[in-house]
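Single-structure report; data block below.
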Amino acid sequence: MNLETPLTENKINKLKAGDKIYLSGYLYTARDQAHKKLCELIENNEELPINIENAIIYYTGPAPARPGRVIGPCGPTTSYRMDKYTPALLKMGLKAMIGKGQRSKRIVDLIKENKAVYLAATGGAAALLSKRIIDSKVVAYPKLDTEAIRLLKVSDFPLVVINDIYGNDLYDMGKNKYSEISG
Amino acid sequence: MREIDGEIISKNISQAVQNANFSLDLKLLDMLEDAVKKEQSLLGKNILKSLIKNAQIAEQEKIAICQDTGIVVIFIKIGNQIQIQGDLYKAVNRGIKAGYNKGYLRKSVVKDPFNRENTQDNTPAIIYIENVLGDSLEFNILIKGAGSENMSRINMFNPTASKDEIIDFIIDTVQRAGASACPPYIMGIGIGGTFEKAALLSKKALLKEKTEDPSIRIFEKRILKEINKTGIGPGGLGGKVTALDVRILKHPCHIASLPVAVNINCHASRHIKISI
């Protein structure tokens, strides 16, 4: 299904683990170091450089863009490394996260509780995914280079719903369906 | 004696790291094509197809297959009749610096594990040098992403451990990696040696081209079959193809130990071998 940002509550309510979606609109990029910085600010009650409320964060650190291009290859990085920072961001109103790999039980529960969603982009399909990014600008922490926070505009960005507001986890569902290991 | 100028080495390395980041090798593409046929999950099939498409785009447009253009690991074989003009390590790192700049590849190496300051040129590479007889100079280059590296493990087994126990450890490692390390995986497994030797063998195994020892080949196939029973599948979304290949290297070891190292590589197994 096609989906446009912002991801409002009624859009998120309709999403179920396993749904394939094509997202258009705006999202932020942030990975390890940016998360660390954001959460230090939250801890000190300081103002954040971006508005987290209703935002989408894509865990990625793009490669440099060749001349004339919007962005370089830009696929997802592994999400569990952001798990320790995610509760604080969900509390601030973060609505969606894009990455790859399973989240901790705590995060899966918090996604349900906060009516948010976790989406996966195809890991290692960075060249393909970069074609769906139509604008990119650094909005915070430029010194972090690839780890800076960027505002991306995407068009029909292909994603799969992993964790929905009903507590489902596609990684568990998929594995259980195809596992041949008994017990 | 054959003399080789450090500059020649730098130029070759620069081109090689770019090629490795832009082009998947044909053997791997065949494995992915084959996996599309084997995979039963529709989501899984689609992931595999998009990986093939991704590789085509990267190749055509000379852009990186994955944004994680890795830390460069190089195994160098240097003949005793080769004389390098200048410092071999510096020549290799100069080549990486040039290649990563020219190729618009991501700089993913930090100077210090604690202060995390980026070196801005993706150096230094992790370099291993082996001396051989003759006048050949060979570089076996691996572009190693961190997503899969972080999921790799080592275990010091008792010398009496069975093959089944080793398989259980490998399966447990794959289960822990789950969807995180970009399946379907290439599994490098080092068995024997010492603690560090097993780890090194597991890395080297990722570059192994064929298995001469039939009993090892049987063991590799058995492990592959077991991994593909986990159901993790392409992208971790569930399916029959969790690994594409298992490659083992073994080495003599102490009577009291049986080290086993498992180095996971993602489906974007980027490597290249060059000779100068």
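To find a chain, count down the sequence lines: A is the first, B the second, and so on, and within it residues start at 1. As the structure is a prediction and not an experimental result, all values here were calculated from the model. Below, all heavy atoms of this structure are taken into account, side chains as well, without hydrogens, waters or symmetry copies.
Of all heavy-atom pairs between A:Thr122 and B:Ser50, the closest is CG2-OG, 4.1 Å. Contact detail for A:Tyr171 and B:Ala179: the closest heavy-atom pair is CE2-CB, 3.3 Å. Annotation for A:Gly124 and B:Cys182: closest pair N-SG, 4.1 Å, computed over non-hydrogen atoms. Taking both residues in full, the closest heavy atoms of A:Ala127 and B:Ala64 are given as CB-O, 3.7 Å, listed atom of the first, atom of the second, then distance. In this structure, A:Glu180 and B:Asn228 approach most closely via the heavy-atom pair OE2-O, 4.2 Å. Minimum heavy-atom separation, A:Ala126 to B:Asn54: N-OD1, 3.4 Å.
With values rounded to the nearest 0.5 angstrom, A:Asp32 atom CG is found 8.0 Å from B:Arg116 atom CZ. For the atom pair CD (A:Gln102) and OG (B:Ser180), the distance works out to 7.5 Å, reported to the nearest 0.5 Å. Residue B:Lys240 holds its NZ atom at 8.0 Å from OH of A:Tyr178, rounded to the nearest 0.5 Å.
Between chain B and the options A:Pro76, A:Gly61, A:Cys74, the largest number of non-hydrogen pairs under 4.5 Å is found for A:Gly61. Comparing B:Thr230, B:Ile232, B:Thr69 by heavy-atom pairs within less than 4.5 Å of chain A, the highest count is held by B:Thr230. Of the listed residues B:Gly239, B:Gly103, B:Cys66, the one with more heavy-atom pairs under 4.5 angstrom with chain A than any other is B:Gly239. Options A:Leu128, A:Thr77, A:Leu129 differ in how many heavy-atom pairs under 4.5 Å they form with chain B, and the most are formed by A:Leu128. Ranked by heavy-atom pairs shorter than 4.5 Å toward chain A, the options B:Gly235, B:Cys266, B:Gly236 are led by B:Gly236. Counting heavy-atom pairs closer than 4.5 Å to chain B, the top residue among A:Gly72, A:Pro62, A:Gly99 is A:Pro62. With chain A as partner, the option from B:Glu226, B:Lys53, B:Lys62, B:Gln40 having the largest number of non-hydrogen pairs under 4.5 angstrom is B:Lys62. For the set B:Arg106, B:His267, B:Gln56, the count of heavy-atom pairs under 4.5 angstrom toward chain A peaks at B:Arg106.
B:Lys102 touches chain A through its backbone: at least one of N, CA, C or O sits under 4.5 Å from a heavy atom, while the side chain does not. If you measure heavy-atom distances from B:Ala58 to chain A, the contacts under 4.5 Å come from both the backbone and the side chain. Interface residue A:Ala65: only backbone heavy atoms are found under 4.5 Å from chain B. Contacts of B:Leu237 with chain A are made by both backbone and side-chain atoms, with heavy-atom separations under 4.5 Å. The part of B:Phe22 that comes within reach of chain A is its side chain, from C-beta onward, which places non-hydrogen atoms under 4.5 angstrom from that chain. Within the 4.5 angstrom heavy-atom criterion, atoms from both the backbone and the side chain of B:Ile65 approach chain A. Using a 4.5 Å cut-off between heavy atoms, A:Lys131 touches chain B through its side chain atoms alone.
In this structure, A:Tyr26 places its OH atom where only 12 or fewer heavy-atom neighbours from other residues, nucleotides or ligands lie under 6.0 Å away. Other residues, nucleotides and ligands contribute only 12 or fewer heavy atoms inside 6.0 Å of the OH atom of A:Tyr22. The number of heavy-atom neighbours closer than 6.0 Å to CD of A:Glu43, taken from other residues, nucleotides and ligands shown, is 12 or below. In the displayed structure, B:Lys97 atom NZ is contacted under 6.0 Å by at most 12 heavy atoms of other residues, nucleotides or ligands. Annotation for B:Lys27: atom NZ counts as buried by contact number, over 12 foreign heavy atoms lying within 6.0 Å. No more than 12 heavy atoms of other residues, nucleotides or ligands sit less than 6.0 Å from atom NZ of A:Lys36.
Contact of the B:Leu42 side chain with the A:Lys20 side chain is not registered, since no non-hydrogen atoms from C-beta on lie closer than 4.5 Å. Side chains of A:Pro67 and B:Tyr104 form a contact here, defined as non-hydrogen atoms less than 4.5 Å apart. Between A:Pro64 and B:Lys107 the shortest side-chain heavy-atom distance falls below 4.5 Å.
Distance alone, capped at 3.5 Å, places no donor-acceptor pair between the B:Gln67 side chain and the A:Ala63 backbone. Side chain of B:Lys229 to backbone of A:Ser179: no donor-acceptor contact under 3.5 angstrom is found.
Partners of A:Arg66 by salt bridge (Lys or Arg N to Asp or Glu O under 4.0 Å), not counting sequence neighbours: none found. Residues satisfying the side chain to side chain contact (heavy atoms under 4.5 Å, CB included) criterion with B:Lys163, sequence neighbours excluded, are B:Phe219, B:Arg222.
Interface residues of residues 143-155 of chain B toward chain A, defined by a heavy-atom distance below 4.5 Å and sorted by number: B:Gly147, B:Asn150, B:Met151. Proximity to chain B at a heavy-atom threshold of 4.5 Å picks out A:Asp145, A:Thr146, A:Val160, A:Ile162 from residues 144-166 of chain A, in numerical order.
Under 4.0 Å is where a charged nitrogen must lie from a carboxylate oxygen, and between A:Arg69 and B:Glu61 at least one such pair does.
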